[in-house]
*Asks:* 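The structure is given below, and queries will be raised subsequently.
Order of listing sets the numbers, starting from 1, for every ligand and every atom in it. Residue numbers count from 1 along this sequence.
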Amino acid sequence: MASPSKDKTVSLRTERAKRAGTTPPALKSGYPATRLRRNRRADWSRRLVRETALTPDDLIWPLFVIDGERARSEIESMPGVARLSIDLAVRAAEDAAVIGLPAIALFPNTEPGLRDEAASQAFNPGNLVCRAVRAIKQAVPEIGIICDVALDPYTSHGHDGLLDEDGTVDNDRTLQALITQALVQAEAGCDILAPSDMMDGRVGAIRAALEENGFTDTQILSYAAKYASAYYGPFRDAVGSGVQLRGDKKTYQMDPANGDEALREVALDISEGADMVMVKPGIAYLDIVWRVKEAFNLPTFVYQTSGEYAMLTAAAERGWLDRDRVILENLLAFKRAGADAIFTYFAPEVARRLKDEF
Ligand code: PBG
């Protein structure tokens with residue numbers, strides 16, 4: 001325990017230095033007076049001084065949806081994760097609510113025959129994701145539902161936007177498509193629209209359309225700083241957008257070399273009406289999470305991507321990493337960096353584990 005007289009000396013010295021306009025001399029607070037190991041000695045003490053906590057409230061569970069009934073198809077590059085037909089997705093959402101997860105995010109795997117250059121299925125109010133939203137809303141009204149706004153599950157070329165004749169993604173034509181997709185999903189009952197397409201101006205366009213059409217309470221979670229990353233491979237297997245992807249997404253997703261630009265992206269999306277922003281991927285971009293949270297103090301989410309899931313799972317399967325510990329350590333790191341919530345495929349297992357601990 002620090003002695004009161006010592007504290008007094010310190011503050012007097014600080015006061016005097018302040019009055020003299022100088023900085024106080026360095027405090028003699030080094031070893032052995034300061035032994036940081038003291039606080040770490042016992043479990044109870046470590047719990048007392050712990051700065052960051054992870055709870056089920058922090059976790060969002062991404063779910064992949066397919067057509068059919070009682071259908072479950074495993075994703076090879078994501079062991080333990082499966083695409084589910086709507087009836088099973090409803091069950092999963094019920095489980096999620098029971099274990100205390102606040103929200104799920106739905107990603108459709110559209111049949112290849114329904115994908116085209118114009119992404120027509122995105123505008124169909126009866127498409128897979130809209131049917132899933134309706135079914136889950138009806139069965140589990142207490143859970144939040146998040147839907148991506150991006151065309152990649154619907155385009156035959158796998159891009160998030162519409163292509164010009166020369167193969168470039170046409171920003172402004174894509175905005176019109178995204179507006180229609182967003183309205184269709186809001187109409188189905190989606191609570192949070194999450195534009196993940198990285199077109200310029202999409203948050204403003206979607207916000208204006210929502211207001212005009214009476215969806216004043218639909219939230220927008222912008223994938224504001226989304227990088228052109230190699231970590232999305234398994235996700236593209238899961239939704240089937242990878243096989244036919246023509247080229248890469250570098251003309252719209254961010255360059256992994258850039259940090260300042262992430263702040264510009266976030267600032268724009270906030271000014272256009274985003275309620276929450278996201279950084280993606282996660283573990284390799286903790287600096288971005290930190291900077292965004294520091295700069296804007298807005299609800300800041302992070303996406304622990306499919307590639308991160310695959311890495312951790314693969315190493316744990318081989319016995320090279322302690323699965324339970326390494327998962328918690330990664331999720332805790334997101335919280336420590338400033339994230340308010342985390343998209344993670346580990347959500348149900350971690351929520352169950354955290355619940356047992358309380
Ligand atoms: C679609 C989208 C992607 C992810 C979320 N929404 C992939 C991509 O942009 O190619 C990635 C999620 C993950 O890897 O877990 N725009």
*Asks:* Please list, chain by chain and in numerical order, all residues satisfying side-chain hydrogen bond (donor to acceptor under 3.5 Å, both in side chains) with N171, sequence neighbours excluded.
*Replies:* none

*Asks:* Consider only side-chain heavy atoms of I, L, V, M, F, W and Y, link residues closer than 4.5 Å, and tell whether M198 and L162 are in one cluster.
*Replies:*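 Hydrophobic grouping puts M198 with L162.
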
*Asks:* Tell me: protein heavy atom nearest atom 14 (O) of ligand 1, and distance?
*Replies:*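 Ranking protein heavy atoms by distance from atom 14 (O) of ligand 1, first comes S306 OG, 2.7 Å.
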
*Asks:* Is it possible for you to say whether Y345 and L328 belong to one hydrophobic cluster, with membership spreading through side-chain heavy-atom contacts below 4.5 Å?
*Replies:* yes

*Asks:* Within a 6.0 Å radius of atom CD on E111, are there more than 12 heavy atoms belonging to other residues, nucleotides or ligands?
*Replies:*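 Result for CD/E111: open.
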
*Asks:* Does T305, backbone or side chain, put an N or O under 3.5 Å from an N or O of ligand 1?
*Replies:*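 No: no nitrogen or oxygen of T305 is under 3.5 Å from one in ligand 1.
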
*Asks:* Do any heavy atoms of Y303 fall under 4.0 Å from ligand 1?
*Replies:*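 Yes; Y303 lies near enough to ligand 1 that a heavy-atom distance drops under 4.0 Å.
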
*Asks:* Identify the closest protein heavy atom to atom 6 (N) of ligand 1: which residue and atom is it, and at what distance?
*Replies:*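 Protein heavy atom at minimum distance: D148 OD2, 2.8 Å.
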
*Asks:* When you measure from the heavy atoms of K226 to every atom of ligand 1, does any distance fall below 4.0 Å?
*Replies:*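 It does, in that a heavy atom of K226 comes within the 4.0 Å cut-off of ligand 1.
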
*Asks:* Less than 4.0 Å is my threshold; does some heavy atom of Y345 fall inside it relative to ligand 1?
*Replies:* yes

*Asks:* Would you indicate whether R46, at its atom CZ, is surrounded by more than 12 heavy atoms from other residues, nucleotides or ligands within a distance under 6.0 Å?
*Replies:* yes

*Asks:* Consider every N or O of S196 and every N or O of ligand 1, then say whether any pair is closer than 3.5 Å.
*Replies:*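 Checking ligand 1 against S196, an N or O pair does fall under 3.5 Å apart.
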
*Asks:* Among the heavy atoms of K280, does any lie under 4.0 Å from an atom of ligand 1?
*Replies:*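 Yes, that is the case, since the closest heavy atom of the residue is under 4.0 Å from the ligand.
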
*Asks:* Suppose we call two aromatic rings close when their centres sit under 6.0 Å apart. Are F301 and Y223 close by that rule?
*Replies:* no

*Asks:* Heavy-atom distances under 4.0 Å decide this one: backbone, side chain, both or neither, for D197 against ligand 1?
*Replies:*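 The answer is neither.
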
*Asks:* Please say whether more than 12 non-hydrogen atoms of neighbouring residues, nucleotides or ligands are located less than 6.0 Å from CZ in R131.
*Replies:*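 Atom CZ in R131 is crowded, with more than 12 foreign heavy atoms closer than 6.0 Å.
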
